[in-house]
Every structure is written in C-alpha cells, then in structure tokens.
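Just so it is clear: chains get the letters A, B, ... in the order the sequence lines come, proteins before strands, and each one is counted from 1. In this text the structure is predicted, and so the values were computed from the model without any measurement.
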Amino acid sequence: TTLFLRMRELQQLVRDAVPKARHPSQTDLHKRKAHNALHPRDLRAVDATNPHACKNPSVVVRQHVIVCNFPPLRCVVVWDRLLALLPADDHELADELQRQLADQLYPDTSAKPVSTDDVNTSIEENESSQSLPELDDEAPFELRALEAVLRTCTLRLDAACEEVEPVAEETMRELQTARQVALASLERLRHVKNAVSHLEARTRDTAEALEAILDEDEDMCMMRLSLLRERPRLFDPPISPELLTQHEDVELLLESYLQDAEAVQTRLELIRLRIDNAEDLFGMKLDLARNRLITADTIFTLLGMVVGAGAMVGGFFGMNLHQEKSSFVIVCVVTASALMLSTAFVFWYLVRSGTLVLA
Amino acid sequence: TTLFLRMRELQQLVRDAVPKARHPSQTDLHKRKAHNALHPRDLRAVDATNPHACKNPSVVVRQHVIVCNFPPLRCVVVWDRLLALLPADDHELADELQRQLADQLYPDTSAKPVSTDDVNTSIEENESSQSLPELDDEAPFELRALEAVLRTCTLRLDAACEEVEPVAEETMRELQTARQVALASLERLRHVKNAVSHLEARTRDTAEALEAILDEDEDMCMMRLSLLRERPRLFDPPISPELLTQHEDVELLLESYLQDAEAVQTRLELIRLRIDNAEDLFGMKLDLARNRLITADTIFTLLGMVVGAGAMVGGFFGMNLHQEKSSFVIVCVVTASALMLSTAFVFWYLVRSGTLVLA
Amino acid sequence: TTLFLRMRELQQLVRDAVPKARHPSQTDLHKRKAHNALHPRDLRAVDATNPHACKNPSVVVRQHVIVCNFPPLRCVVVWDRLLALLPADDHELADELQRQLADQLYPDTSAKPVSTDDVNTSIEENESSQSLPELDDEAPFELRALEAVLRTCTLRLDAACEEVEPVAEETMRELQTARQVALASLERLRHVKNAVSHLEARTRDTAEALEAILDEDEDMCMMRLSLLRERPRLFDPPISPELLTQHEDVELLLESYLQDAEAVQTRLELIRLRIDNAEDLFGMKLDLARNRLITADTIFTLLGMVVGAGAMVGGFFGMNLHQEKSSFVIVCVVTASALMLSTAFVFWYLVRSGTLVLA
Amino acid sequence: TTLFLRMRELQQLVRDAVPKARHPSQTDLHKRKAHNALHPRDLRAVDATNPHACKNPSVVVRQHVIVCNFPPLRCVVVWDRLLALLPADDHELADELQRQLADQLYPDTSAKPVSTDDVNTSIEENESSQSLPELDDEAPFELRALEAVLRTCTLRLDAACEEVEPVAEETMRELQTARQVALASLERLRHVKNAVSHLEARTRDTAEALEAILDEDEDMCMMRLSLLRERPRLFDPPISPELLTQHEDVELLLESYLQDAEAVQTRLELIRLRIDNAEDLFGMKLDLARNRLITADTIFTLLGMVVGAGAMVGGFFGMNLHQEKSSFVIVCVVTASALMLSTAFVFWYLVRSGTLVLA
Amino acid sequence: TTLFLRMRELQQLVRDAVPKARHPSQTDLHKRKAHNALHPRDLRAVDATNPHACKNPSVVVRQHVIVCNFPPLRCVVVWDRLLALLPADDHELADELQRQLADQLYPDTSAKPVSTDDVNTSIEENESSQSLPELDDEAPFELRALEAVLRTCTLRLDAACEEVEPVAEETMRELQTARQVALASLERLRHVKNAVSHLEARTRDTAEALEAILDEDEDMCMMRLSLLRERPRLFDPPISPELLTQHEDVELLLESYLQDAEAVQTRLELIRLRIDNAEDLFGMKLDLARNRLITADTIFTLLGMVVGAGAMVGGFFGMNLHQEKSSFVIVCVVTASALMLSTAFVFWYLVRSGTLVLA
C-alpha cells in the first residue's frame, strides 16, 4: 500500500472510477465534450513530482471527481474512494487522514486496494456524531471524504499554529529578559516570524480556496458525485436553477471549515502583531540603553578632561613648586577648586538643559 | 442553576426544543434531511471544552435554532429559551446578559429550569422602550433574546475599549514626560498595544459575523423561530421570494449592532494610531537626546585633547624651565594661546559646518 | 429656542410628525408593524447624552423619518421640519446649518417653534441656484433639508481639513529648519498627526455612511417623506420594482456629497503621507548629524591619544634629558615625527577605508 | 477666445446646447423633472473659482451633457461642442487638448466661437486611424471629444510620471554615491516622494472615476448625446433593458483609458517602492558607517587609556629613576610590556566576543 | 521569418484573418458597426514601438481576434494563426512559446509564413496529454494558442521567481554571516527587493487581467473564434443567455492559469516578507553591536579617566616625594586604592543600574 501513485496510475484509477458509457449527448451545439470533464491540467496540479505543479491550495470540482490540493495533502475524491497523494515520509499526515476518515465513515466501506487512506473503519461512533445520529445518516461518501480532508487540513493548520505560538512567546520572553543571548533570540525570532508569515499565507490561501468554491453554485452541485453517478443526466449543462440552489449540506460543510481557517488566520495575525510589537520594544530598549551608556560615557569624558586639566597644571607647576610648600598648596587648592567648580557648573548646565538625564 | 452544560445535555436540550413530528416531506429528490438542520459541528463550535472549538465570533442559523458564538459569550437560542454557555467564573457577563434580557423581555416569560440567564423579569420598562411601546409589542422571543445577546456582546466590546483607552492615554503621557521610568512605560505600552490589537481583531470578527448574516436573506428568514415552529412548512426549501425579502426587523436589529461594532472598530483604530504616533515621537526624542549627549561628549573630548596637549608640553618643558622664569612664562603663554586659538578655530569650524549645534 | 431636546420630547415630536391613522393593513402575514417603522434604537443613536450612543456617522431611513447622525451634527428630518440636536455651545455649527438651510429653502416655510434651525429664510436666491431655477423648483422639503445637513457636514470636514493643513505645513517647515526647537515641533507634529488620523477616520466613516445609503434602493425610495405622507400605501412592503429604481434625485444628491467627502479623504491622505515623509527625513537628518558628530569625536579622541602618547614620552624622558640639550631635541623631534606620521597614517587609512568621511 | 468662462456664461452655453422644447412628459407619477437633468451642483464642481469645488477627478453624465472634471482639465461636452475650462496660463494643456481633438475629429466640424478647443481640424488622418478607417467612421462627436479629453488626461499623467521617474532615479543615485551632499539629496528625495504620492492619488482617483462610470450602465447609455438629441424619448425613465446593455463603444473607450491609468498607477507604485527601498538602504548605510566610526573611536579610547596609564607610571617614577639607569630601563620595559600585553589581551577579547569587528 | 511586424503589416494580417463579407446586419438600431470590432486602440496597445503603449498585462477580446498583452510577450490570436510580437533579441521567449505551442497543437496545422511561432509540430504527444487524449481532441485552435501563450507567460513568471529566490536567500545569508562585506550585500539586497517588487506588480497585474476576463461572460464567449467564424451570426448583440453561460472550457483554462499566477504571487510575497525580516534583523544586529561597542568605549573612557587622575596625582606629587621613600609609597598606595575603589564602585553602580551590561 504505497501512498505515492505515479501520475499515469492515478489517471488510470480516476478513469476507472468515472463511469464510461454514459457520455453526455453528442447533439450538443458545439460538440462539447463531457460537461466539466477532468482535464490533464487538473491532475497535474496535484502531482508533487511536477516542478511546475501549483503550490497554492485549491479545490477543483470536475465531473465525477473532486481534486483537493492542500499541499502536502493532495487528494482526489471519486464517488466511492479517496485517493491520497502524500509525501512518502509524512506518516503523521497519513495517520491523521485515516483517523479523520474513520471518524466520518460508518462501517459500510469495502476494502480499497490502492491506498491505505480509504480504511475499513470498525464501527466506532465518536461521542459527538453519536448524539444526533439520525441527522447524519445519509451523507454520501464523497462529502464524508471531503470533510475528512478538510478537517485534516484545518487541524494541521491549527496544530502548526499551536506549535508556533509557544515558540514565539518563549522567544519574545527571552528577548525581553535576556541580557547576553539577544542575538540568538533575534535570530530565532526571525525564524518564527518567517514561519508565521508562511503559515499565514497558507491559511489565507486555504480560506480563499474554500471561498472560491462557496461562490460557485454549480461547483457545489457537482460535488454530489454519488448522485451524479446514479443520474448522470441531472447535471447536463443547463442545470435547473432549482437544482443549483440545493447544495445546502455542501455549503454548511465548507462554511464550517472556512470559519475554522479564518479563526486560525486571526490567531496568526495576532501572533505576528505581538512579535512586531516585541521587536519594536526591543529596539526601543536598545535605544534607551544606548542613551544611558552615552550619558555615562559623557560624564567620564568630562571628568577625564578635568583630571587632564589638573595633570596639565601639575605638569607645569608641580616640580617648580616643590621647594615652596605654601605656594604648592595654594596652587593645588586653587586648581582643585577651579576644576570642581567648573565641573559642577557644567553638570548643572547639562542637567538643566535636559542633555544629561541622571537616573 | 449551573451555567456550564455538558455537550450531551445541550444536545438533548436543543433536541427537546426542536419540534419532532413535523419533519419535512420525504418525497424530496435527494432524500435530504430536514432543511438546514442542526449539525453536530454547529454545537461543537460553542463547546468551550473542545480544544478545537472555533474561537472566531459567528452567528449560525439552523432550523429551529440560532447559535451565537461570541467568545466567551456562547448562546443557543431556540423558540422559547436562551441557553447560555458561560465561563463558570465570569459572573459579570452572566449578570449583564440577564440584565439585557430583562430589558428586552416583557413580563411574559415562564420559568426556565436549566439556565439562570432566562430570567423572569419583573415588569420593568426602561424609559426608552416605554416611550414608543406600541411599536415594540410584537417582537418574538427569539429576536429579543438575540438582541440581548448582541447588546451584551457590543457593550462588552465597548467596555473593553473604554477600559483600554485611559490606560493607553496614561501610558502615553508617562512616556512623554517620563525621564527615568521609560522602560517600564514602554513595557506597559506594549501590553496596551497587544490588548488593542486583540480587541480590534475581536471587534472586526464580530462585525464580519454580523455582516455575513446580513448578506444571507435565507438565514435572516430562518431566524423567525417562533413563526417557523408554528408553520414549519413555511420555510421548506424553495422559500418563496416574497418571504425571503421579509426580514426587515431582523435586518434592522443586526444593522444597528453592526454599526455599534464598527464604531468600536473606528475608536480602536484611532487608539492604535495614537499609540504608534507616541512611539514614533518617543523614538525621535531618544534620537534627539542622543545627539545632544554626543555633542556634549565631543566638546569634552575636544577639550580633553587640548588639555592633553598642554600636559604634553608641560611634561616636556615644565621641569626644564623652572630655573628660567621668563622662558617658563613665555612657553606657558604661547602654549595657552596656541591651544585656545586652535580650540576656538575648531569650534568655529564645527559650528559653521553644522556638525556642532549649540543650543 | 433651545437646541437640545430631551429624548422624550424628541420622540413626542417625531410621533406628532408621523401620520397616525394611516397604519398599514393588519392582514399582513406576520402581523408585522408599520413597515420600517422608527425603533427606539434609532433615536437612541442621536441621543448625545447616551454614553453608549453610536459615535459613527450614519444615515438611517425609517418610515416618515430620516435620522442623520454626523456627530456633532445630529438631525432628524420629517416631512415638514428639520429637528437638529446640536451641542449647546457650538453656535458656529448652528449658524452654518441655518445658512445652508436658508440657501436650500425658498420662502415657503412657516415658523417652527421648537428649533431655530428651521428658519424662515427671506427670499434670497444665491447666484448658482438662480441661474437654472426652473430645474430646482420641485424638490420636496426633506431633500432640501437633507442637502443642507450634508452640505454642512462636508463643509465642516473641508473646513477642518483647511485648518489642519497649514498647521501641518508650518510644523513641517519648523522641523526642517529648526535647530533648537525640534522637540516642541515634534510634539506639535504628533498632535497634528493625531488630528489628521481622527479627521480621516471621520471622513471615511461619513463616506461609508453615504455609500451604505446609495447601496439601498429601498432606503433611497423611502426618503421621499412628502410623497410617502400623501400616499402612504405607495411604499407598502412589496414595493414595485419600478418605484424602487426611481430615486434619481436622491441618488444624485448623495453621490455629489459622497464625492466631496472622498475629495477630503484624498487630501487628508496626502497630508498624512507628507507628514510621514517629513518625519522620516527628520530622522535621517538626525542620523546624519550624529554620524558627523561621531566623526569629530573620533578625530579628537585620536588626537587626544596622540598627545597622551607625547605626554607619556615627556613624562619618562622629559626630566632626565634636561641636562643634555641635544638628546632632548632628538627625543622631541623623534617623538613628534613618530606621532605625526602615525597620526597621518591612521587618518589616511580611516579615510581610505571609508570610515572617516571628511566633508 | 478666452479659455475661462464665467460660471453664468457656462450655464447659458449649456442651456443653449440642451434642446429646450422636448421636455419629458409631465404625466409622470411624481411630477419629476427632466430625467437626470443637469443640476447647478454639477457645474459648480468644474468651477475653478469656487473654493469648495470638488478637486477629485470625476465624470458626470447628465441629460444632454457630460461633465469631465480632471483638474486642471475641466470640460463640458454637449452634443456638438466641447467647452473647456482651463487655467489661463497652462497653454501646454490647451495645445495638447487641441491636438488630441484634431486627431479624433474628421473634417466635419464647424467653427465654434466660444472656445479654441473645438478646432476645425484639417483632414489629417494619423497613421493608426487610417489603417482601419471604415470601422471608425461613425463615432458621434461626443465620444470623440470624450476620447480627446481622456487621452489628454492620461497622457498628462503619463508625462508627469515620465518626468518624475528620472528625477527619482537621479536622486537615488546621488544618495547612494554621495558622501557630502546627502542632506540636500534627502531633501530632494522627500520632494520627489511627495510628488509621487500626489500623482499616485490623482491617478487612482482618475481610475476610480472611470470605474464608477463603467459600473453604471445607464450613465454609459446617456453618453450618446447625439442620439439622445435626435430621439429624446429614447432614454425616458424606464430605459429598456436592451438599450441599457448597448453601450459597447463607450465601454471599450473607457476601459482602454482605465487600463492606461492603471498602468501609470503600477509604474508609480514601483517608483515609490524603489524610493522606500533606497531610503532604507541609506539608513542602513548610515548605521553601518556609525558602527565603523565607533569602532575606531573605541580603539583610540583604548589606546588613549593605555598611554594615559604609561603617562601615570612616568609621572610617578620618571623623575625618581633618572639617577639609576638600570632601574629606569627596567621600569620602562616592564611598563611597556605590561601595557602592550594587556592591550593585546583586551583586543583579542573584544574581537573574539564579536564586539570589535576589524575590517 | 522576422518576429517583429510593423504595425501596418499587423493590421493587414489581422484584417486578412477576419472574415470580410459577413458583416452584421445594418438594420441595427444605432447603425452600430460590427459588434465589438477591433479598434486601432487595441492594436496600439501591443505595439512595442509606441512609447505610450500600455505596459500593463491585459487580454482583450474582440470580434475574431484575441489580443494578449503580457509584455514582453505580445500576441494576437486569430482563428487559425497566432501572431507574436516579441523583442528581437529574446530568443528564449520565442523558443518557449514555440515549445508550448507544439505541446498544445496536434499535427494538423499548416505552414504559417509570417511568424515562426506558429510551428508545424511533429506529432509529439507529451505524456500528460496522452493519458486522457479523448477528452482533449476537440479544443479549437484559438484556445490551444491561448493556452500556449498563458502557459509561456506563467512559466516565465515562475522562472523569474525561481531565479530571484536563490539570489535573495544567498544575499540574506551573506548579510547574516557577513562581517565586512555588509555594504555590498545591502546593495545587492536592495536590487533583489526592487526585482521582487517589480515581479510582484507584474504577477498581480497578470492575475488581474485574467480575473477581468473571467468576470466577463461575453468576452469568454467571444473567445471561440473558430465557432464565430463559421457562424458569425451566433454572437450578434443580444447574445442568448444560454450561449452566454456556455464557456466552461475557456473558464477552466483561464482559472487554471489564474491559479498559477496567484501561486507565484504568494511565493513572491513570502520572499518579500523574508527579506524585510532579514533587514530588520540586520538593523537590530547593528544596534546590538553598537551598544556593545559603546559599552567597551565607556569602560575605556572610565579607565582613561582613572589613569588620568593617577597621572594628575603623579604630576603634583611624583617629583616632590622622591626624596622620601615612605611618603612616596604611601601616596602611591593611597592613590592606587582610592582609584581602584572608586572605579569598582562606579562599575558596580553602572552594572546594577543596568547601564553597563557585561557579557
């Protein structure tokens, strides 16, 4: 049960899943092909080996197929199976998808040979679905699979957000209290910020992909793959307006996960703002500290200048006065008082003018 | 009267409130379940114990139920009762909700055993509702309850804004006048800014939740739970266009609170801009102060260098000249005038070139 | 003629103005009250004494009433009068409103006892309305009153903008040329910036209030209070689509003032950008000045170090050499040339490496 | 041929141009005046002498008149003439408008006495219009005039952009290479930035004015002044939906110039970003230079301190040892090596800890 | 086979391609010319020699012609050929376009004499189109050509992004680890940032051009040039609503490339954010380094002042005490301890007050 399918195999699988004989009428005006049929372009988008594969989240609805592309979670939903193309080493993602699918499905699925993600789940009803079971009985497979995919996707976003938040908080705390390790903290904060930006873009694109589907009545209608399989004519081009508005279950499903994505977005936005805030504060603290340092430096320079003046006087007079004690003392006293007075005056002036702020 | 309900109990309560026997016709094309019926997902969103509960404000309208999620105010409105899930320790919120509900309801409510929030209010008409009473008589319970919830929600936002504004003003004033305590003020300003961002996001999301409902004619129609209960067929899927546009009372109600939320948004935005402004000013003040300090430092360095030169001359000549008074005086005078002249020249040059700004 | 009305009086006045007997049919499906009737909420919004009154501009159209809320200009327009709730001390605003109303009204208004704002204007046709008089003859009172209110409002915004712009320019000029008073200028610039932000938010909200009305066909229809009073049935709920699109005069009126508000918005935006720009420039000037200062400081430190070295040599040798003239001269010359050479080298190195920029 | 018209004259001219007798039916429900008739407000907007004239670009379509307001280019287009209100001293603008009009018009225009802008152009077909002449033959005068106005307007924006770009580039280059003239460059950059912001706002508002017209089917219909003049009943209020959608020529015209305006917008945005970028870089260069200076300063301070220590030792021992050569030499050597060793150690420590970065 | 066509030749070519005789009916109400016919303006936009040619990406659909303007890729698609106007020296672009066209076209194209871009591709089916061939058989030439153009365009954007990303990463790494070369790195980073901004604007405009087409049902209909050529009446003005909604293949095509463009946009946005982040970090590192330097400087100044004080004492007393050993030692010891004590005290004070941060 490999998780990676070769593109060609995937196409074969999809082709098997799509009903063959029931092509739409050929009497159509422009000899159009099957309405909204799957195009090679659509599958190329989920082909992780394609260097030009679209890396933005998207949900594409085609006849008989739903292609969900939430990298690294790439899935193709057909009426009775969910084909997942996952990175070979991301077992967590595979497990999570399986768990969500098991939660969604009741024990009526048959074995699926290709992918491990379509699991025969034992009859386990989790509490919340059990409590209102009669309402949930009839959702077709494709919607359950879609819900599993969307739930996996939003849970992943949530988990990533959950993961990044404490790191951000920790780094900000470090930055605030740290004396020495600030550089390393800054470096780490930068990584956190990049991660938050990345996550924000991903979440925003996920939300936009869901919004795009919610804006398209036709796409939401076409999502009922099981119904479409049974009655393929139902969605022949001029779809009846009545039918076009009956996609309430799909809409509620998508809206619910859209809301989840938006909640994650808000949360990430707040984290980003907090980080910006912490950085600004840190910058200001550096500025404050610098001003304090320069204050000290200025005082020492002033004192150094004063003692230099004393030394100059000493250099000129020191020796010459050693015979006359009295004049030596006089010079000493005069010099000392002149220096101290001028220092005091300069201090007073600087403090009064607000240049020196002693604290 | 506990405020916390277990999820299961809540579901039971909601199920009791929703009329049972009057299911929509089963002849429906896709064997669809009750139109827009409550899904377990919807209740999960207001379950505060659920770690993945959606934390974004939302108003969800389902058949017979309105689910309001303005964390921490989570309410479920059914046709004759308002179930509130409040944090156990937020008595203020509970009191406020009760007060608002009492304001909205006239003395025709019966006892509600589950929640204390559905109160039998004595007949107290507050002044403003009294003045035009005949217009307000017929609003059904669900709209009054909804109004109580929305009013509580916007009042809370307003109160939070009211609370944060003086703190912000105070901190900014501190920052402006402070000499020494600046670091603590900055720290506090950062907390205020985070609080403002947080509040802004919450207010914006609240406004968006109200806008989302205002964009959905069907949802506003479905809000008339009492009418729907009496005549459940009225809202069977192809809702008549005439009915779809008759939700003026709901619309006015929502618009009014949307406007309140937007007013809070504007106010918070202005607070944020003022804080940014104060921070920028503070940064510039630090820069100005630093330039002044460095000016002083440079002057002292210059003078120190001058006296150093004097000391050097003294070191070389001082001793050697002590026998010859006249040459000693000559050297002293020459040195002193040379130093003073060159100092004056350097000063003049620096001031003229704009490097030194004496003030 | 007090300008402040008590809420209760206002409600009475509004109730008097609204025709009583002509209630809409009671056969309505949901026993709905008068279509779009005035709700206490709507009046509460213009009640300046209410601490929770909405402070955002809004125009609310209800049956028989238009409530304009452009704080501090709060007006209620009914079919034959304009009730204005103005701050007691803002005589300018009252005068301006009166003047605008006089401009709009031709001499057919009777005395209004409650408010001074509904003035009997003598027949004064201002030039522009005189030139195409036949086109303007038939505008009903309510639209003229609304125009007076909107014109007062946009003129006020314009005047505020006019007032703030020269102050901003002056402060920026000060900042640019100032040497000493920079701190006071910065403080003033901050106040100007706050004022501009505040004004911008107010203008934006005013424009949004006008846009909101322009988006609602029904509201614009309902603004024809006189017509509605004469033929109240005309706007009974299913308003004919034909009627819904006939609000061209209202639309042109609102669009014109929306454009004025947007022009003010653009102007304020440009002022804000200019201020930001001036601040950035000022910051850079500080940085440049600091670099120059530090350059001077570094040079003086270098020279100080050099003379210090000279002093050290003098300290060691000065005395010991005073007996031998020749070796004294040699030491002096060697020391001096060594110091001067090394200083010159260091200078050359620093200048070449770009560290010292002499200018 | 004065370019400035007095408001009153303009109104007279417009009234002459508008067909008089063919007023719409008076049987209209609300005794409405001519559908979408010109209001004094509309002309006031293009009155440059009016201090409250709207300064934002706009295109206003009224019955029989198109009012284009792209300050300083203010034009009124009627079915057979283009009235332009230009600043008296902007001959370039007048020339450009004439040239564009000549390009648009084929030799079928009669003399227009009032304005020089309506020129009798000789039959000169420019190359591009010549190549597909049969397609362009039938455009009515008003659209050609409008195209001339729009083309003049966008060419002016383009020219302004063309003018500001090299100045911006030049100033940025100066800033990058300059050593001494940085302050003047900064000042100039600030002016360029203000100019770019101003131009950006003007371009954006121009684009928005065009978009606003493109959003209004009715306005685009009403632009066919010639058709309307011939068959005034055609646009009587309930304009037929078929007619409402037939404005393809106007739409293409407006879209084309909208695209031009957007191209200018993109270009200006890029210039602004480049300037911001250059400023940031300049700021960082200042910071880097400052760090280098302080590095030098610190080294000199260190050396100064070292020679100070040497001088102190010399001061204490210098003299006292001059009798004993050997101990003098010992003290000298010990002091010198101690100072050099400790200096080396301090250097090594500072470099290792990353404080000193020698380069 | 020159790639540059003279405008006049292009017009001739386009005119040849457009069917001549089948003009729409002349009975049309306003004697309108061919619906949506090509205007000289449209071709002027792709004329690279025109200095006022629009430089913003756009897709313009006219009768029988699609004009794609993605500078430097300018193409005109008619029903059976693709005319490309490429810069003479951009062979890569020409090759890429050819390759893409070959990928799109099956071996049914005849020789095209004018342009090398319309190639007779040998029957080479690339893997992905081969796998679902039956679905792709019937796409008309114009859509294949359009797809080739769009694919070339988005691949170019992708390639430009691919190119700029490693340079950005490399420069950021340099900036982080660099000691000496920072200035050059900053310069390079600025170029990268300008490039990213430029690319972002181009990508955004490309996406907007595609969105604009996707918003216009009629334009998407008119893109079926082959169908239109066969049945020109089909798109006569009142296009049937049914036809208006049948453009699914065009829509899917455009949406797919819109998604690609948006993915590039997200990627560029993240690069820009990372660069901003790296710059902020670099600025903070400079600040941190400066604080460290100033700390060292302050310590040296303090020590310099101390030794200066010692030298002053030595200057005064040194000589005078050399006769009395004991008092000399006493003065030495007292001075030394006083200086060391006061230094230690100042240090302790500065460290405790947080001014000095030793690390």
Looking at [atom1] of [X] and [atom2] of [Y], how far apart are the two atoms once the value is rounded to the nearest 0.5 Å?
X: E:M312; Y: A:L339; atom1: CE; atom2: CG; answer: 7.0 Å
X: E:L270; Y: A:L199; atom1: CG; atom2: CG; answer: 10.5 Å
X: E:R272; Y: A:S197; atom1: CZ; atom2: OG; answer: 10.0 Å
X: E:R292; Y: A:L183; atom1: CZ; atom2: CG; answer: 6.5 Å

Inset, instruction - Under 4.5 Å heavy-atom distance to chain E, tell me which part of A:E200 shows up: side chain, backbone, both or neither. - result: neither
Legend entry - Engaged part of A:R202 at the chain E interface, taking heavy atoms whose separation is under 4.5 Å: neither
Legend entry - A:E216 atom CD, over 12 foreign heavy atoms within 6.0 Å: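 Counting other residues, nucleotides and ligands, CD of A:E216 exceeds 12 neighbours.
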Legend entry - Exam field: side chain E:N291 to backbone A:L286, donor-acceptor pair closer than 3.5 Å: yes
So do the side chains of [X] and [Y] get within less than 4.5 Å of each other, counting heavy atoms only?
X: E:E269; Y: A:R204; result: yes
X: A:D287; Y: E:D287; result: yes
X: A:N56; Y: E:Q265; result: no

Legend entry - Most contacts with chain E, counted as non-hydrogen pairs under 4.5 angstrom, among A:R290, A:E208, A:M305, A:H198: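 Heavy-atom pair counts peak at A:R290.
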Inset, instruction - Find the one option among A:L293, A:D205, A:T298 whose heavy-atom pairs under 4.5 Å with chain E are most numerous. - result: A:L293
Counting only non-hydrogen atoms closer than 4.5 Å, does [X] touch chain A with its backbone (N, CA, C, O), its side chain (CB onward), both, or neither?
X: E:V346; value: side chain
X: E:D276; value: neither
X: E:A289; value: neither

Inset, instruction - Check A:V307 against E:G308 and note the closest heavy-atom contact, atom names and distance. - result: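 For A:V307 versus E:G308, the nearest heavy atoms are CG2-C, 3.7 Å.
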Inset, instruction - Using the side chain to side chain contact (heavy atoms under 4.5 Å, CB included) rule, take A:R190 and E:M284 through it: C-alpha gap first, then chi angles, then the decisive distance, then the call. - result: CA-CA 11 Å; A:R190 181 191 158 214; E:M284 288 224 167; over 6 Å; no
Inset, instruction - For E:E279, check side-chain hydrogen bond (donor to acceptor under 3.5 Å, both in side chains) against everything at least two apart and list the hits. - result: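 side-chain hydrogen bond (donor to acceptor under 3.5 Å, both in side chains) list for E:E279, sorted by chain: E:K193.
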Inset, instruction - Give me the one residue out of E:T301, E:I299, E:T295 that meets side-chain contact (heavy atoms from CB on, under 4.5 Å) with A:D297. - result: E:T301
